[in-house]
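Notes to accompany the following structure.
Computed from a predicted model, the values in this text were never measured in an experiment. When a residue number appears, it is its place in the shown sequence, counting from 1.
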Amino acid sequence: MQIDPSGSRQLLELQLSNVANQTNVSGETTGSSVDFAKMMDGLLSADTSSSETSSSTSVGLSKRSSDGLLWLQLGSLYNSDSNTISSSSSESVPLSSLTNTGPVDSTSSVPTDFESLIATASDKYGVPESLIKAVIDTESGFNPNVVSSAGAKGLMQLMDGTAAGLGVSNAFDPAQNIDAGTKYLSLQLQRFGGEVKMALAAYNAGPGRVSRLGVSNDSELMSILHLLPAETQAYISKVEKAQSKYTA
């Protein structure tokens, strides 16, 4: 994925906002965080382009190509303490009620080396454990030291700028990586009303590209899926297939 100047500007402003609002490591803010999130959403205008590559690095090679690297787009009114979305009418909607995947998983059929970290992130952000595991499986094959040819790092493949914007100081630390990656995924689920395929497409190709398709649900997305990069089309299927391994 190519990062354009407007994207860099967004991350810079996000990081400055983090300092000004004294965020903690998971990126929670106080005071003007909602207003800033609205402002950032208004700045979203740039898309990402795809370029697959097969070159490896000395640390490891990601299972995902450089086509769908994470790009932080904070547009939802997110409440990390209660796993809710704040609506314009001041009502709070639980994230778990939007995902259509049932309650957050308490167990999985295939254990991993990061069970407690995934469970903590799942509870914190309201994302099913099985979905978190499926994304990690697809992104890195559960290798915390993997680096893509474009520089995405760790279990959930965070780019340096995105990681910094989410409060990550070491993307190879499984705890920080899983927390930040799950938070980013939860933001996409919120942005697209709990539509899992749309959220996965946004995680892979960027939320701006998905938003510009003008679709409102997964069924509509699938009807025009060919308009997204081939890697993103395959990514959705891979994650859903992987999720079946981790569903009790």
Side-chain angles (χ1 to χ4, degrees), residues 24-28 37 64 68 70-86 92-140 142 144 154-158 162-163 165-168 171 173-207 210 217-218 221 235-236 238-248:
N24 61 20
V25 72
S26 64
E28 296 171 354
R64 110 193 248 184
L70 293 181
W71 190 242
L72 183 62
Q73 304 290 349
L74 299 179
S76 301
L77 306 184
Y78 181 71
N79 183 336
S80 61
D81 292 327
S82 59
N83 296 329
T84 62
I85 307 168
S86 301
S92 294
V93 182
L95 177 58
S96 59
S97 70
L98 297 176
T99 59
N100 299 319
T101 57
V104 174
D105 304 335
S106 59
T107 60
S108 65
S109 58
V110 178
T112 74
D113 292 334
F114 309 100
E115 291 294 321
S116 62
L117 297 177
I118 292 170
T120 297
S122 174
D123 182 67
K124 184 176 181 180
Y125 299 114
V127 179
E129 288 185 37
S130 61
L131 184 57
I132 299 171
K133 292 175 182 179
V135 169
I136 295 174
D137 191 331
T138 303
E139 294 287 352
S140 66
F142 290 94
L155 292 168
M156 298 186 77
Q157 289 293 274
L158 302 175
T162 300
L166 289 167
V168 174
D173 174 20
Q176 293 188 50
N177 195 290
I178 290 173
D179 181 87
T182 302
K183 181 175 183 178
Y184 184 85
L185 181 58
S186 76
L187 289 169
Q188 304 318 312
L189 286 165
Q190 291 179 17
R191 177 187 291 272
F192 296 107
E195 298 292 323
V196 176
K197 289 182 173 64
M198 293 182 69
L200 291 174
Y203 191 97
N204 181 261
V210 176
N217 56 58
D218 285 347
L221 175 67
Y235 180 81
I236 295 172
K238 288 177 182 178
V239 173
E240 291 182 328
K241 183 177 179 180
Q243 188 175 9
S244 65
K245 297 189 298 183
Y246 305 107
T247 302

Practice prompt. Check the pair Lys124 / Thr182 against side-chain contact (heavy atoms from CB on, under 4.5 Å), numbers first and verdict last.
Written response: CA-CA 9 Å; Lys124 184 176 181 180; Thr182 302; over 6 Å; no
Item to complete: Would you check, one step at a time, whether the test side-chain contact (heavy atoms from CB on, under 4.5 Å) holds for Tyr125 with Asp179?
Response: CA-CA 9 Å; Tyr125 299 114; Asp179 181 87; 3.0 Å; yes
Item to complete: I would like to know whether Asn177 and Leu117 meet side-chain contact (heavy atoms from CB on, under 4.5 Å); could you show each step before the answer?
Response: CA-CA 10 Å; Asn177 195 290; Leu117 297 177; over 6 Å; no
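Closest of all the heavy-atom pairs between Lys183 and Ser186 is O-OG, 2.7 Å. Closest of all the heavy-atom pairs between Leu166 and Ala180 is CD1-O, 3.6 Å. Minimum interatomic distance between Asp218 and Met198 (heavy atoms only, all atoms of both residues): OD1-N, 3.0 Å. For Gln188 against Ala202, the heavy-atom pair with the smallest separation is OE1-CB, 3.6 Å.
No donor-acceptor pair closer than 3.5 Å links the side chain of Ser122 to the backbone N or O of Ala119. The main-chain N or O of Glu195 is never found under 3.5 Å from a side-chain atom of Asn217 such that the two would form a donor-acceptor pair.
From Thr247, atom OG1 reaches atom NZ of Lys133 across 9.0 Å, with rounding to the nearest 0.5 Å.
At least one side-chain heavy atom of Thr138 sits under 4.5 Å from a side-chain heavy atom of Tyr235. Side-chain contact check for Val168 versus Asp173: every heavy-atom pair is 4.5 Å or farther apart. For the pair Asp137/Lys245, a side-chain contact is recorded, criterion being any heavy-atom separation below 4.5 Å from C-beta on. Residues Tyr246 and Pro128 are not in side-chain contact: their nearest non-hydrogen atoms beyond the backbone lie 4.5 Å or more apart. Counting only heavy atoms from C-beta outward, the side chains of Ile118 and Ile178 approach each other to under 4.5 Å.
Between Tyr203 and Tyr184, the angle of the ring planes goes over 60°, which puts this pair in the perpendicular group of the 30/60° scheme.
Partner Gln243 forms a side-chain contact (heavy atoms from CB on, under 4.5 Å) with one of Ile132, Leu200, Leu131 and no other, that one being Leu131.
With sequence neighbours excluded, the residues forming a side chain to side chain contact (heavy atoms under 4.5 Å, CB included) with Pro144 are Phe114, Leu155, Pro174, listed by chain and number. With sequence neighbours left out, Ala201 forms a side chain to side chain contact (heavy atoms under 4.5 Å, CB included) with Val210, Leu221, Leu228, Thr232, Ile236.
A salt bridge between Lys238 and Glu139 is absent, with no side-chain N of the basic residue lying under 4.0 Å from a carboxylate O of the acidic one.
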